[in-house]
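Below is one structure, written out as structure tokens; the observations come after it.
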Amino acid sequence: MRPLTKRLGDVIPAPALVVPEPAVTFTLSPDTTIWLAALPGAGDENGGVRLELDDAAGLGAEGYRLAITGDGVTLRAATRAGLFWGVQTLRQLAAGDGVLPGGVIEDRPRYAYRGAMLDLARHFFTVDEIKAHLDLLIQFKINHLHLHLTDDQGWRLEIPGWPRLTEIGGGPGTGCDGAGPGFLTLAEYAEVTAYAAERFVTVIPEIDMPGHVNAALVAYPELTADGQPIAPRTDAEVGYSSLVAGKEETYAFVEAVLKTVADATPGPYLHIGGDECLSTSPEDYRAFLARVLPLPAKYGKRAIGWHEIAGVELPADTVVQYWRPEAEAPSVVASGRQVIMSPADRVYLDMKYDETTPIGLDWAGLVPVARSYDWDPAHRLAGLPEESVLGVAAPLWSETLRSPADVQYLTFPRLPAVAEVAWTPQSGRDWASFRDRVAAFGPRWEAAGVNYFRSPEIDWPSA
């Protein structure tokens with residue numbers, strides 16, 4: 001690894017354009033003045049950090065221009081979101097000693113959707129744990145947090161009028177191996193979405209259906225095919241549960257849930273799952289989605305579903321999330337819809353790094369850091385035009401997770417790799433450069449108590 005000498009481009013994700021001035025630096029200190037130039041009475045003097053809301057650079061809604069001179073710093077963006085992402089770049093550059101390398105960065109994201117998913121259904125995480133996780137994500141310019149709220153092993157969001165969903169589905173003994181009870185009240189969910197919005201992150205709630213619903217069926221046996229009680233499940237098997245497409249009770253339940261979640265969610269998306277419905281016949285699957293896919297739009301949201309939904313007729317604005325590497329790619333392309341790229345063999349953070357990884361799964365293969373980094377979303381699916389790629393998202397399923405430390409271990413350093421795939425132009429990415437830049441985060445994560453994986457692919461600084 002090269003010496004950890006600061007250079008202007010030593011940030012993650014790599015900026016789109018970097019013009020360094022090697023002889024110039026500016027040092028931040030506790031006395032450095034920071035002001036927003038668009039505010040009444042804001043000063044014009046040099047010697048501090050000046051934030052400007054100005055679209056003169058033409059870098060779009062999330063882009064920014066950062067100029068560092070010996071006299072001060074000017075950060076310019078068209079929106080507060082752009083300023084926020086520029087501040088994340090400043091934070092990385094200033095790490096350690098506050099010294100900022102001189103020059104100009106002009107930066108904007110390749111994709112509008114840069115996401116991470118956290119599975120609360122198989123192991124619950126509290127409001128404070130979700131917030132702490134989000135704080136680690138935003139420094140890499142992640143702007144969507146997908147929360148998987150329901151599954152066979154647990155139901156994690158309060159739904160008024162259906163109290164047993166959380167009393168039973170979020171109670172003791174839920175989660176994989178019965179080790180992850182808990183749920184979010186609507187007030188707590190609002191707290192999470194507000195916290196995210198303050199950091200320019202959109203929360204996407206997922207209510208998985210018509211499969212992955214055993215927790216709901218245990219809570220309300222009247223939703224089963226014969227109306228009889230069924231046993232709870234805490235194993236990690238998939239594909240055995242289904243809502244009944246031919247019962248009107250199903251659609252009353254689904255609409256009540258989706259309306260509640262839509263009303264509680266300020267962001268534009270509602271994820272309806274649709275994956276691994278192995279016990280739902282193709283006819284019932286089509287019939288169910290024909291009734292359910294229009295509901296998000298009815299309540300002011302845009303539907304997202306896992307890529308199995310591409311096999312049916314989709315409303316025009318539906319987003320398809322591609323996930324299983326070997327399956328259903330032709331229908332994803334043929335659907336003509338926008339696609340979120342989440343190929344499991346590249347970006348599923350719950351996959352093991354290598355054979356020695358103590359937690360995680362391996363059904364999609366081992367996913368070392370280089371594998372998460374070395375791919376191009378625009379060329380993953382033959383025939384899918386780049387303009388159809390809405391973005392990239394990294395799911396983290398929680399079958400083997402038992403603590404925030406487990407979340408961190410599987411997330412870092414892979415999440416920074418995925419973030420660079422989503423933000424940086426393909427021509428601006430280089431694995432050797434990324435290895436050096438991510439190595440600098442080792443001491444920072446250690447100082448912050450982050451339980452990262454010391455991947456042998458990275459030449460980490462000595463302790």
Side-chain angles (χ1 to χ4, degrees), residues 111 113-123 137 142 144-148 151-153 176 204 206 208 211-212 236-239 271-278 304-311 319-333 335 338-355 357 359-382 384 389-401 406-407 409-422 453 455 457:
Y111 295 118
Y113 191 109
R114 306 175 305 280
M117 188 215 79
L118 184 61
D119 176 9
L120 273 62
R122 294 185 178 93
H123 186 88
L137 300 178
I142 294 297
H144 289 79
L145 178 64
H146 171 180
L147 296 178
H148 184 75
D151 213 298
D152 292 311
Q153 300 86 356
C176 280
I204 296 94
E206 181 186 357
D208 207 350
H212 291 277
E237 293 300 315
V238 298
H271 203 303
I272 55 84
D275 61 316
E276 297 179 318
C277 300
L278 307 182
I304 303 176
W306 300 106
H307 68 221
E308 287 92 330
I309 70 168
V319 178
V320 177
Q321 188 162 1
Y322 168 73
W323 69 279
R324 193 171 183 99
E326 72 277 14
E328 314 229 17
S331 63
V332 173
V333 174
S335 73
Q338 284 192 300
V339 178
I340 298 169
M341 299 298 293
S342 298
D345 62 338
R346 298 287 184 170
V347 302
Y348 264 39
L349 301 179
D350 54 302
M351 294 297 108
K352 292 176 177 284
Y353 292 96
D354 57 31
E355 294 88 347
T357 308
I359 56 174
L361 305 173
D362 60 6
W363 62 262
L366 302 174
V367 182
V369 183
R371 188 160 180 80
S372 285
Y373 187 85
D374 190 18
W375 67 290
D376 184 352
H379 293 99
R380 177 60 192 237
L381 293 178
L384 184 72
V389 180
L390 181 61
V392 179
L396 178 56
W397 304 97
S398 63
E399 288 96 333
T400 67
L401 306 183
D406 291 345
V407 171
Y409 185 81
L410 291 178
T411 298
F412 301 105
R414 279 187 296 204
L415 186 279
V418 178
E420 187 152 306
V421 170
F453 173 63
S455 167
E457 303 166 275

When every non-hydrogen atom of G274 is compared with those of D208, the smallest separation belongs to N-OD1, 3.2 Å

Tightest non-hydrogen contact, residues T400 and G360, listed as OG1-N, 2.9 Å

* To do: For E457 and P368, indicate whether the former's side chain and the latter's backbone hold a donor-acceptor pair under 3.5 Å.
  => no

Separation between OH (Y353) and CD1 (I359), nearest 0.5 Å, reads 8.5 Å

So does D345 get a backbone contact from the side chain of R371, meaning a donor-acceptor N/O pair under 3.5 Å?
yes

Salt bridge (Lys or Arg N to Asp or Glu O under 4.0 Å) filter on E206, not counting sequence neighbours, yields none

Between the CG atom in L390 and the CD atom in Q321, the distance rounded to the nearest 0.5 Å is 10.0 Å

Heavy-atom nearest pair, I142 first then A116, reads CG2-N, 4.1 Å

One should read off an interatomic distance between Q153 CD and C176 SG, to the nearest 0.5 angstrom, of 4.5 Å

Tightest non-hydrogen contact, residues M341 and P343, listed as C-CD, 3.4 Å

Rounded to the nearest 0.5 angstrom, the CD-CZ distance for E420 and R114 is 13.0 Å

Pairs of donor and acceptor atoms involving the side chains of residues 409-417, under 3.5 Å and at least two apart or interchain, shall be tabulated with distances.
{"unit_1": "T411", "atom_1": "OG1", "unit_2": "V407", "atom_2": "O", "d": "2.6"}
{"unit_1": "R414", "atom_1": "NE", "unit_2": "L410", "atom_2": "O", "d": "3.4"}
{"unit_1": "R414", "atom_1": "NH1", "unit_2": "M351", "atom_2": "O", "d": "2.8"}
{"unit_1": "R414", "atom_1": "NH1", "unit_2": "V367", "atom_2": "O", "d": "2.8"}
{"unit_1": "R414", "atom_1": "NH2", "unit_2": "L349", "atom_2": "O", "d": "2.6"}
{"unit_1": "R414", "atom_1": "NH2", "unit_2": "M351", "atom_2": "O", "d": "2.8"}
{"unit_1": "R414", "atom_1": "NH2", "unit_2": "L410", "atom_2": "O", "d": "3.2"}

Is it the case that the side chain of K352 and the backbone of T357 share a donor-acceptor pair, with hydrogens and angles ignored and the cut-off at 3.5 Å?
yes

Min side-chain heavy-atom separation H307-S331 under 4.5 Å = no

Those residues at least two apart in sequence (or on a different chain) that pass ring pair (Phe, Tyr, Trp, His ring centres under 6.0 Å) with H212 are none

In short, I309 meets V319 closest at the heavy-atom pair CD1-O, 4.2 Å

Nearest heavy-atom contact between Y111 and A378 is OH-N, 3.7 Å

Q. Short question: side chain of E399, backbone of A236 - any donor-acceptor pair under 3.5 Å?
A. no

Rounding to 0.5 Å, atoms CD1 (I340) and NE2 (H271) come to a distance of 6.5 Å

N/O donor-acceptor pair under 3.5 Å between E308 side chain and E276 backbone
yes

Between S398 and the options D350, D151, D406, D119, the side chain to side chain donor-acceptor pair (under 3.5 Å) test singles out D119

In this structure, CD1 of I204 is separated from CG of L147 (nearest 0.5 Å) by 8.5 Å

Margin query: For H148 together with W306, are the ring centres under 6.0 Å from each other?
Written below: no

Discussion item. Has S342 got a side-chain atom pairing as donor or acceptor with A393's backbone, closer than 3.5 angstrom?
Written reply: yes

Report task. For the pair R346 (side chain) and D374 (backbone), establish whether a donor and an acceptor sit closer than 3.5 Å, ignoring hydrogens and angles. Result -> yes

Any non-hydrogen side-chain atom of V389 less than 4.5 Å from a side-chain atom of V339? no

